[in-house]
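Predicted, not measured: the structure shown is a model, and the values here were computed from it.
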Amino acid sequence: MDSNHIQKFESAKVLQEIDIQFAELMVRLSGNSPTDSLFSASLLLNHTTARNRHICLDLKTAANRRLVDFFPDYRESTVSGFSDIKTPPLQIWLDELKQSSVVGKPGEYCPLVLDENNRLYLYRYWEYEQKLAGIIRQRLAKTTPPPQLLKLQNSFDSLFSLSKTSPDWQKIAAFMAVRNRFCVISGGPGTGKTYTIALILALLLELNPDYKIVLAAPTGKAAARLQDSLNNAKRNLVINRTLSDRIPASASTIHRLLGVRPGSSQFSHHEKNPLIADLFIIDEASMVSLALMSKLLQAIPIESRVILLGDKNQLSSVESGAVFGDISEAGDIDGFSGKFIEDFQAVTGETIRIGNGNSGDSAMTALSDSIVELKHSYRFETSPGIGALSRMVKEGNTENALTSLNSAILENIIHNPLPGSESLKQRLNNIVEKYLLQSFKAKSVEESFSCHNRFKVLCSHRMGDYGVTGINQQIEQLLIQQKVIDFETSFYKGKPIIIKQNDYNLGLYNGDTGIIWDDESGTLKAFFPGINNQFKSFSLARLPLHKSVYAMTIHESQGSEFDEILIVLPNVTSPIFTRELLYTAITRAKRSVEIWANDETLKIAIAAKTYRQSGLQDALISP
């Protein structure tokens, strides 16, 4: 690629300066190797990992294509000759990259790594992926001896005596977690993931009452929800008080667990200074990036058990990778081996009438014996419309979803076209009067916070009239017009806020939501729920970066649930419109969903499936 080409990209404002600078650095470091192939590969690799959150660049799919196709916002550029710039044919690209001193084979210490499947990595991502896969494969080889499992026969009978589903996925998940050192439990909202964890902990504590257990999640909000849900679940367990009291009452963020080192991407705990516990339970694991998951598992001793909880159909991490989805898809869900089925029957007396019956010892078979999906949603038994719509979206069933939405046959689901700018204000005013005014009339911080958690606007985008920023501003303007709040102050009683920056000293984390309220002396403070919704107050002057949260992005809503939600999708072409985005938004609601979006936007979102390039699945099952 010559300087002419670079100038054309810069003229069209397609590339960010950092992409160009990185590619030019690779060319300089490489010396006399062919520059066109290295420049284009480096440029696309930096772009795709930083902006598209891929782990690598798949050269097979990227070869012999117009470069502008990787930048969809600029496909219609009118810059002369811009659309003619193409990546090299695959074989030429590979041959020339292999001549470069900055491109190495797997295991070689080079800035870029080219693997045998023609995937190009930044070295650090290749290392994260390989270390994570290696650790998981080590854990797959370790299982609890059958004699120990047989000690739990009576406990399985008593704990699962009221089961109403067949097969009982919670029982299968509990058995899997007790049998294996590594276990992945996936399931949508209301499928009983946390209750299943409470059952697992009861079983493991029966085997060893001194078991040390750690609960963690990627955000403070998710950690608080995990600890509250688990505390509620264990109250319903038929176990003795001594064992119940040993189930931990608190959860931590992953960053706090690992020990943040200010100004560093490294943590206090790592392979040479490991965490100490017998069991680590990681909730909302779909939100965890490749880098963080790799560092976490490196810091956990190989003898310890690890359970990952999440929903493989939800949005992936906002950082690079789709680790939870990759692990879930690497195994054959419901493809249990003959040995697993045999062990399950020996302990529970039941036969799993699914699976392949294969008793092989391949990595894929071992992984399949470590992954389970909870399929029955108890939450949507009372909200069948939400359950039905979420299934259609998850399966990419565009026709049925749109027909159901437009014929209004789904209970508690409303679909309206995106309002124009004139009618948007009136629609938002209706929301203020129906949902928000009561939060300002509340008698306590608990009541006001509860009002805000009953309803939330979820936006796909952050900016624009239909984005979080625009809708929050418009709602505050309406509250000012109704003299509910004062336009002269940025802090007012009843204002809902969301934290946007971690503060480990205060114990406030990105994604935590709270409310401004007055304390006993009448001083305005920020209140955030803690364990069992006991509120903690903080001085307004000490708050980290935060913003109003009448509306939040769908990404920010992960790990939350509300009684009713409004989903807003603007009329723009956007790569973030995917079925995972829409599914995540819909499943935040417990009672009702309203959608403001035009049919064409919904078609695009339901048809598009998130795909993040990585080699993790291959690394997990390779010999």
Side-chain angles (χ1 to χ4, degrees), residues 221 386 412-414 416 418-419 421-500 511-518 524-529 533 535 540 543 546-554 556-557 560-570 585-586 588-597:
K221 177 173 60 178
I386 298 175
N412 295 327
I413 304 288
I414 299 172
N416 286 309
L418 190 72
S421 56
E422 294 298 319
S423 57
L424 177 61
K425 184 176 180 180
Q426 183 56 51
R427 294 248 200 125
L428 292 177
N429 192 58
N430 293 341
I431 286 171
V432 168
E433 294 181 351
K434 183 177 180 181
Y435 296 106
L436 299 181
L437 290 182
Q438 58 186 321
S439 66
F440 293 94
K441 299 174 183 177
K443 299 292 193 329
S444 67
V445 63
E446 291 86 359
E447 183 184 346
S448 182
F449 189 80
S450 177
C451 288
H452 281 293
N453 271 353
R454 289 176 198 149
F455 172 82
K456 193 65 67 181
V457 180
L458 304 183
C459 304
S460 59
H461 288 67
R462 190 171 302 281
M463 306 305 294
D465 290 344
Y466 300 96
V468 168
T469 302
I471 287 181
N472 276 327
Q473 288 175 347
Q474 291 180 77
I475 286 175
E476 287 193 310
Q477 284 299 316
L478 289 167
L479 290 169
I480 290 170
Q481 290 172 20
Q482 296 197 30
K483 298 185 173 11
V484 176
I485 64 174
D486 188 339
F487 72 92
E488 294 182 348
T489 179
S490 57
F491 289 117
Y492 51 84
K493 185 176 178 178
K495 177 180 181 177
I497 61 172
I498 184 169
I499 297 298
K500 299 305 297 172
D512 287 354
T513 54
I515 196 160
I516 307 300
W517 204 258
D518 49 15
L524 283 181
K525 289 188 175 180
F527 287 80
F528 291 83
N533 281 327
F535 281 77
L540 300 181
L543 284 178
H546 60 278
K547 65 174 188 176
S548 302
V549 69
Y550 296 103
M552 60 170 43
T553 65
I554 296 170
E556 289 170 335
S557 76
S560 301
E561 59 182 29
F562 308 96
D563 290 344
E564 303 177 63
I565 62 166
L566 166 64
I567 302 169
V568 182
L569 306 180
I586 292 166
R588 297 311 91 202
K590 293 188 286 185
R591 295 182 186 171
S592 69
V593 174
E594 182 172 356
I595 301 174
W596 292 356

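- Taken from CG in Leu478 to CD in Glu433, the straight-line distance is 9.0 Å, to the nearest 0.5 Å.
- Lys547 NZ to Ile499 CD1: the interatomic distance, rounded to the nearest 0.5 Å, is 11.5 Å.
- The shortest non-hydrogen separation linking Phe491 to Leu543 is CE2-CD1, 4.3 Å.
- Here the CZ-CD1 distance, from Arg588 to Ile567, works out to 10.0 Å after rounding to the nearest 0.5 Å.
- Side-chain atoms of Val468 and His461, non-hydrogen and from C-beta on, never get closer than 4.5 Å to each other.
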Evaluation steps, side-chain contact (heavy atoms from CB on, under 4.5 Å), between Asp563 and Asn453: CA-CA 7 Å; Asp563 290 344; Asn453 271 353; over 6 Å; no
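- Atom CZ in Arg462 sits 10.5 Å away from atom CE in Met552 (nearest 0.5 Å).
- Shown here for Ile515 and Ser448, the closest heavy-atom pair between the two residues is CD1-OG, 2.9 Å.
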Full working for side-chain contact (heavy atoms from CB on, under 4.5 Å) between Trp596 and Leu566: CA-CA 7 Å; Trp596 292 356; Leu566 166 64; 3.4 Å; yes
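- A 4.5 Å side-chain heavy-atom check between Tyr435 and Glu564 finds at least one atom pair inside the cut-off.
- Counted by atom type alone, Asn429 and Gln482 present one or more donor-acceptor pairs between their side chains at under 3.5 Å.
- Side-chain atoms of Ser557 never come within 3.5 Å of backbone atoms of Ser560 as a donor-acceptor pair (strictly under, hydrogens ignored).
- By the side chain to side chain donor-acceptor pair (under 3.5 Å) test, Lys495 pairs with no residue at all, sequence neighbours left out.
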Asn412/Ile386 under side-chain contact (heavy atoms from CB on, under 4.5 Å): CA gap, chis, key distance, verdict: CA-CA 7 Å; Asn412 295 327; Ile386 298 175; 5.5 Å; no
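- Here the CD1 atom belonging to Ile516 is positioned 12.0 Å from the NZ atom belonging to Lys525, to the nearest 0.5 angstrom.
- At a threshold of 4.5 Å between non-hydrogen side-chain atoms, the residues Lys425 and Leu428 do not count as touching.
- Using bins of under 30°, 30° to 60° and over 60° for the plane-to-plane angle, the ring pair His452/Phe440 lands in the perpendicular bin.
- With sequence neighbours excluded, no residue satisfies ring-ring contact (aromatic ring centres under 6.0 Å, His included) with Tyr466.
- Between Val593 and Ile586, the shortest heavy-atom contact is CG2-O, 3.9 Å.
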side-chain contact (heavy atoms from CB on, under 4.5 Å) between Phe535 and Trp517, worked out: CA-CA 11 Å; Phe535 281 77; Trp517 204 258; over 6 Å; no
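- Contact annotation: the side chain of Phe562 never approaches that of Val457 to less than 4.5 Å [non-hydrogen atoms, C-beta and beyond].
- The number of heavy atoms from other shown groups lying within 6.0 Å of CZ (Arg591) does not exceed 12.
- A 4.5 Å side-chain heavy-atom check between Ile431 and Tyr550 finds every atom pair outside the cut-off.
- When all heavy atoms are compared, the tightest approach of Asp465 to Gln474 is O-NE2, 3.2 Å.
- Contact between Ala585 and Ile565 at its shortest, heavy atoms only, is O-CD1, 2.9 Å.
- Inter-residue side-chain proximity for Leu418 and Val568 is flagged as met; some heavy-atom pair is nearer than 4.5 Å.
- If you check the side chains of Asn472 and Glu476, you find no donor sitting under 3.5 Å from an acceptor.
- Listed by chain and residue number, Glu556 satisfy the side chain to side chain donor-acceptor pair (under 3.5 Å) test with Lys500 (two or more places apart in sequence, or in another chain).
- Of all non-hydrogen atoms in Ala597 and Leu569, the two that sit nearest each other are CB-CB, 3.8 Å.
- With rounding to the nearest 0.5 Å, the separation of OH in Tyr492 from CD1 in Ile485 is 4.0 Å.
- For the residue pair Thr513 / Lys221, no side-chain donor-acceptor distance below 3.5 Å is found, with atom types taken as modelled.
- Other residues, nucleotides and ligands contribute at most 12 non-hydrogen atoms within 6.0 Å of the NZ atom of Lys441.
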